[in-house]
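Everything on this sheet refers to the single structure shown next.
Keep in mind it's a predicted model, so treat the numbers as computed, not measured. Basis for what follows: all heavy atoms, side chains included, without hydrogens, waters or symmetry-related copies.
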Amino acid sequence: IEMAKGEQPGTKGGDRKGKKQDIKRVDDAARRAGITDKETRREFGDDLEETKRKEGRGDFTFQELVQKAREFLGRR
């Protein structure tokens, strides 16, 4: 079986596309909330992942992401 260039064994091309869309949505929500630098954006992403683990949930809606970004900024 031949894999697409850059594809990891055990993954499907669609998985990567979905991941990129998730990252773009988080980037867009972060910008909307006023997060403009890369370091703060990275910290926000880490915070989101921790929140998802603690709450045992999946992805957030765009509006939830914007709200989480504002809350994150308020704690800094």
(message) Evaluate D22 against K19 for salt bridge (charged side-chain N to carboxylate O under 4.0 Å, His left out), listing each step before the verdict.
(response) CA-CA 5 Å; D22 287 349; K19 188 71 123 179; over 6 Å; no
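- Of the inter-residue distances, the one linking I35 atom CD1 with R42 atom CZ reads 13.0 Å to the nearest 0.5 angstrom.
- Taking each heavy atom of F72 and F44 in turn, the nearest pair found is CZ-N, 3.6 Å.
- Although no hydrogens or angles enter the test, the distance criterion places a donor-acceptor pair under 3.5 Å between the side chain of R57 and the main chain of D59.
- Evaluation of the side-chain hydrogen bond (donor to acceptor under 3.5 Å, both in side chains) rule for R31 yields D28 as partners, not counting sequence neighbours.
- The CD atom of Q67 sits 11.0 Å away from atom CG of L65, with the distance rounded to the nearest 0.5 Å.
- A salt bridge does not link E64 to R70: none of the charged nitrogens lies less than 4.0 Å from a carboxylate oxygen.
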(request) Quick one: do R41 and T36 satisfy side-chain contact (heavy atoms from CB on, under 4.5 Å)? Show the steps, please. (result) CA-CA 7 Å; R41 164 57 183 89; T36 56; over 6 Å; no
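- Taking NZ of K38 as the start and OG1 of T40 as the end, the distance is 12.5 Å to the nearest 0.5 Å.
- Note that CZ of R25 and CD of Q21 are 8.0 Å apart. Values are rounded to the nearest 0.5 Å.
- In this structure, R75 CZ and E71 CD are separated by 6.5 Å, a value rounded to the nearest 0.5 Å.
- Grouping the Ile, Leu, Val, Met, Phe, Trp and Tyr side chains by contacts below 4.5 angstrom, directly or via other members, places V26 with L73.
- A33 and V66 get closest at one heavy-atom pair: CB-O, 4.0 Å.
- Ion pair K68/D47 not flagged as a salt bridge, since none of the NZ, NE, NH1 or NH2 atoms sits closer than 4.0 Å to an Asp/Glu carboxylate oxygen.
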